[in-house]
There are 2 protein chains.
Amino acid sequence: MTNALDGFDVKLLAALQNNAALTNAELGEVIGLSASQVSRRRQKLEEAGIIRRYRAALDPEALGLMVTAYVGVTLGAHSRENARKFRNMVTAMPEVQEAHTLTGDVDYMLKIVVPDLKALSHIINDELLPQEAVHHVRSSIAMETLKDDNLLPLK
Amino acid sequence: MTNALDGFDVKLLAALQNNAALTNAELGEVIGLSASQVSRRRQKLEEAGIIRRYRAALDPEALGLMVTAYVGVTLGAHSRENARKFRNMVTAMPEVQEAHTLTGDVDYMLKIVVPDLKALSHIINDELLPQEAVHHVRSSIAMETLKDDNLLPLK
DNA sequence: TAAGATGATGCACGAAACATGCGAGATAAT
DNA sequence: ATTATCTCGCATGTTTCGTGCATCATCTTA
């Protein structure tokens, strides 16, 4: 069982994460393969979990989501229970697009997208800060987005 | 010309950003509309630019991309020319998934995805820091990812 | 080196999904 | 009440997809 990705696979993945609306024939034209082979390779990549899902990328501003912010959260007493609560809350919040635990003095980094500053303020002051575990919150608003494609670099 | 999104549109967008592989018939079943209507509304949403593109979401770890880091960059002398160079460089780097200018003391926030710490070190020390404009770089490695779907919150 | 096995490829064809014309129904304005 | 506008589902022609099959390349083993 050879599961290594060859050049075709890498090209295919690159094409698909750029534009998943292309037909197998068009993809084949781009990477130099027949449509049927594209179909087969695609299926394998999906089954292997390398292709996780297909998604429509929406325009935030067209939907009235004007504010993106990065919020660093520092927990106080690192009690297991409070931390668990915090994580559950954060992952359940639709405004939170990304949430990571970090090295260094800031424990969590959240990427938040909301319609306006009022909504951001509400999240920080009425949802995050009241949490028992939360000790300190530092938010920074994204003024200009230079890049936001989340495309993975394929060697 | 009425361009307001109704409930159907919102439901459709929500479904599509979760799973763009659904057929129009399946989508119609979910939101309570016929396949043909789904097709038409979809076309409109695409033409209006609300649906930007369709993308395959890949598994970073399956591709050997094990390290995600947030890198805050502070510029020194804010000369127009140096800043421009920095921005061009950053947007051209495939490892940079997101790049925003921020409010506060940190000028830029970069989200970087690379295979390993060596690659991260290389980017910071050999690509970012040598830039004339760059005064200070502070990087924080994401240890655990709680959420990374980048789904927009649809009211 | 020969021979067998494994896997990848393009072609062809049946099945599935899509796009669109059309008439019916609903809503709003005159 | 009537006309105009818009949205709807149905039906149908077209495109796209998935898979069986024979061929070709590569690798293994004797």
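Not measured: the values here are computed from a predicted model. Here is the naming used below: chain letters follow the sequence lines, and residue numbers restart at 1 for every chain.
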Asker: The side chain of Gln37(B) is closest to which nucleotide in this list: dA17(C), dT7(D), dT20(C)?
Answerer: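 That would be dT7(D).
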Asker: Is Thr23(A) touching bases, backbone alone, or none of the nucleic acid, heavy atoms closer than 4.0 Å?
Answerer: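 Contact class for Thr23(A): sugar-phosphate only.
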Asker: Establish, from distance only, whether the side-chain atoms of Tyr70(A) and Glu98(A) form a donor-acceptor pair under 3.5 Å.
Answerer: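 Absent: no donor and acceptor within the cut-off.
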Asker: Atom CG of Leu27(B) and atom C1' of dA16(C): how far apart are they, to the nearest Å?
Answerer: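 Roughly 16 Å, once rounded to whole Å.
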Asker: Look at Gln43(B) and dC18(C) and indicate whether a side-chain polar atom (N or O) is within less than 4.0 Å of OP1 or OP2.
Answerer: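 Indeed not, no polar side-chain atom of Gln43(B) lies that close.
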Asker: Report yes or no: do Glu46(A) and Tyr54(A) form a side-chain donor-acceptor pair below 3.5 Å?
Answerer: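 Yes, Tyr54(A) and Glu46(A) have a side-chain donor paired with an acceptor closer than 3.5 Å.
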Asker: Side chains of Arg40(B) and Gln37(B): donor-acceptor distance under 3.5 Å anywhere?
Answerer: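 Result is yes, a qualifying pair exists.
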Asker: Could you state the OH-C1' distance from Tyr54(B) to dA17(C), rounded to the nearest angstrom?
Answerer: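 Interatomic distance, OH of Tyr54(B) to C1' of dA17(C): 14 Å.
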Asker: Roughly, in whole Å, what's the span from CD in Glu46(B) to P in dA19(C)?
Answerer: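 It is 8 Å, rounded to the nearest whole Å.
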Asker: If you count every heavy atom of other residues, nucleotides or ligands that lies below 6.0 Å from Glu29(B) atom CD, does the total exceed 12?
Answerer: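 Atom CD in Glu29(B) is not crowded, with 12 or fewer foreign heavy atoms closer than 6.0 Å.
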Asker: Rounded to whole angstroms, how far apart are CG on Leu33(A) and P on dG7(C)?
Answerer: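 It works out to 18 Å between those atoms.
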Asker: Taking atom C1' of dC6(D) as reference, at what distance in whole Å does atom CG of Asp9(B) sit?
Answerer: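 Computing the Asp9(B):CG to dC6(D):C1' distance gives 14 Å.
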Asker: Please report, rounded to the nearest Å, how far the C1' atom of dT19(D) is from the CZ atom of Arg42(A).
Answerer: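 Atom-to-atom, Arg42(A) to dT19(D), this comes out as 16 Å.
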Asker: To the nearest Å, give me how far apart CG (Asn24(A)) and C1' (dT9(C)) are.
Answerer: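 The distance from CG of Asn24(A) to C1' of dT9(C) comes to 15 Å, rounded to the nearest Å.
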Asker: Run the numbers on Leu75(A) and Asn82(A) for side-chain contact (heavy atoms from CB on, under 4.5 Å), then give the verdict.
Answerer: CA-CA 9 Å; Leu75(A) 263 46; Asn82(A) 284 343; over 6 Å; no
Asker: Identify which nucleotide among dA8(C), dG9(D), dA12(C) has an atom closest to any side-chain atom of Ser36(A), counting heavy atoms from C-beta outward.
Answerer: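 Output: dA12(C).
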Asker: Is the phosphate of dT7(D), meaning OP1 or OP2, less than 4.0 Å from a side-chain N or O of Lys44(B)?
Answerer: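 Affirmative; the distance criterion is met.
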Asker: If you look at every strand shown and take non-hydrogen atoms under 4.0 Å, does Arg41(A) touch a base, only sugar-phosphate, or nothing?
Answerer: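 Sugar-phosphate only.
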Asker: Does dC8(D) have OP1 or OP2 sitting under 4.0 Å from an N or O in the side chain of Ser34(B)?
Answerer: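 Ser34(B) to dC8(D) OP1/OP2: no side-chain N or O under 4.0 Å.
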Asker: So for Arg40(B) and dG9(D), does any side-chain atom that can act as donor or acceptor lie under 3.5 Å from a complementary atom in the base?
Answerer: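 Donor-acceptor pair under 3.5 Å: yes.
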Asker: Which whole-number value in Å describes the distance from Glu47(A) CD to dT19(D) C1'?
Answerer: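 Rounded to whole Å, this separation is 14 Å.
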